[in-house]
J.: 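Mind looking over this structure? Questions follow.
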2 protein chains.
Amino acid sequence: MTETTLEMARAEIDPEAACPIAPVVDIVFSRWTTPILWALNEYGRQRFVELERRITSITPKVLTQRLRQLERDGLVVRTYHPEVPPRVEYEISELGRSLAPLFASLAEWAAGNLEKVERARQDYDGREPLPGRRA
Amino acid sequence: MTETTLEMARAEIDPEAACPIAPVVDIVFSRWTTPILWALNEYGRQRFVELERRITSITPKVLTQRLRQLERDGLVVRTYHPEVPPRVEYEISELGRSLAPLFASLAEWAAGNLEKVERARQDYDGREPLPGRRA
DNA sequence: CAGCATCCTTCCGGATACTG
DNA sequence: CAGTATCCGGAAGGATGCTG
């Protein structure tokens, strides 16, 4: 398997990640990319403003940046219509769509375990500082 | 002033209005958490220095911050041994271990599709600017 | 409408020095 | 060893103004 060797080589070259999924995380789970991909996968081809309105609290500048990145990585397809006013549409690519089951698993994990995380936090915040921590 | 701004990061502006998996992404895929969880899941209970050495290029300060966060979220268990010199061990929790299949799926996706991403990038960088972009 | 340019602020995260 | 405290630089991200 050439891919295994590639993985190993990459892990060796990039030592900060002795972790083979680090590159994917960079690509798929960097800031804002998840909501964007989710929106495109869930609601289909959309214009810039639609995405902007759907993903509240993202600024147009950042949305543009992220869409460029996703387009460059082949996860999103951008279509420009030379009209007046101009119209641009974004849709998820086939490669991007291949992430759907992964996202579904993630949603499933969230549904089952997010509550536990919340309880762990309250537990942690509630108890007194333990030995070996602070003074 | 302490740098416990992780809780501020928690206070994400965007409730899961756009995307239901956003909270999980914040918890599991924030900076450095993936290599840490991977190391703990792969190599079992470890001391602070072991993690530090395994995850090269992470500073002790940041490692501490991330371990605190993971402990608070219930994904990692910290054990303090009151000895001289002090000894602290970290291990993945049951909740943390429940992420393993997810990580495996991610690794699988990476093995099959990372190459496509790389090709998409080269393609994107190689072709001339398209209409609707720059002037 | 889409998005680029510019300025400006915030905020990690690195480096260093110091304790129990 | 396993941290904490402090300072600081660079990059991410917000706000504004302007084009095709």
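Just so we're on the same page: letters track the sequence lines, and every chain starts at 1. Hydrogens, waters and symmetry mates play no part in the numbers below; they use all other heavy atoms, side chains included.
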J.: Just to confirm, is there a sub-4.0 Å distance from OP1 or OP2 of C:dA2 to any side-chain nitrogen or oxygen of A:Arg47?
T.: yes
J.: To the nearest Å, how far apart are B:Leu67 CG and C:dG13 P?
T.: 14 Å
J.: B:Arg68 has a side chain; which of D:dG3, C:dA2, C:dT6 sits nearest to it?
T.: D:dG3
J.: Mark yes or no: A:Arg87 above the aromatic ring of A:Tyr80, with NZ or CZ under 6.0 Å from the six-membered ring centre and no more than 45 degrees from the axis.
T.: no
J.: Measure from the side-chain heavy atoms of B:Val62 and tell me the nearest of D:dA2, D:dG13, C:dG13.
T.: C:dG13
J.: Among the candidates C:dG13, C:dA2, D:dG3, find the nucleotide nearest to the side-chain atoms of B:Tyr90.
T.: D:dG3
J.: Starting at CD of A:Glu52 and ending at P of C:dG3, how long is that distance when rounded to a whole Å?
T.: 10 Å
J.: From the list D:dG3, D:dG14, C:dA15, which nucleotide is the closest neighbour of the side chain of A:Thr59?
T.: D:dG14
J.: Can you find a side chain N or O atom of A:Arg66 that sits less than 4.0 Å from OP1 or OP2 on D:dA12?
T.: no
J.: Return the orientation label for the A:Phe48 and A:Tyr90 ring planes: parallel under 30°, perpendicular over 60°, tilted otherwise.
T.: tilted
J.: Rounding to a whole Å, what distance do you find between A:Tyr80:OH and C:dG3:P?
T.: 9 Å
J.: Tell me: CG of A:Leu70 to P of C:dG3, nearest whole Å?
T.: 13 Å
J.: Atom CD of B:Glu71 and atom P of D:dA2: how far apart are they, to the nearest Å?
T.: 15 Å
J.: Measure from the side chain of B:Thr64, starting at C-beta and using heavy atoms only, and say which of D:dG13, D:dC1, D:dG3 lies closest.
T.: D:dG3
J.: Could you state the atom-to-atom distance from CG of A:Asp26 to C1' of D:dA11 in whole Å?
T.: 15 Å
J.: Expressed in angstrom and rounded to an integer, what is the separation of B:Leu63 atom CG from D:dC1 atom C1'?
T.: 13 Å
J.: Assess whether atom CD of B:Glu83 is packed by more than 12 heavy atoms of other residues, nucleotides or ligands within 6.0 Å.
T.: yes
J.: Does C:dC11 have OP1 or OP2 under 4.0 Å away from a side-chain N or O of B:Arg31?
T.: no
J.: Which pairs, with at least one residue in residues 90-110 of chain B and sequence neighbours excluded, count as a salt bridge (Lys or Arg N to Asp or Glu O under 4.0 Å)?
T.: B:Arg45-B:Glu91
J.: Reckon B:Pro86 touches a base, only the sugar-phosphate, or nothing at all at heavy-atom distances under 4.0 Å?
T.: base
J.: Tell me, with the steps shown, if B:Leu40 and B:Leu51 meet side chain to side chain contact (heavy atoms under 4.5 Å, CB included).
T.: CA-CA 8 Å; B:Leu40 288 176; B:Leu51 281 171; 3.9 Å; yes
J.: Give the rounded distance in Å between these two atoms: CD of B:Glu50 and P of D:dC1.
T.: 11 Å
J.: Could you work out which one of D:dG13, C:dG13, D:dC1 sits closest to the side chain of A:Lys61?
T.: D:dG13
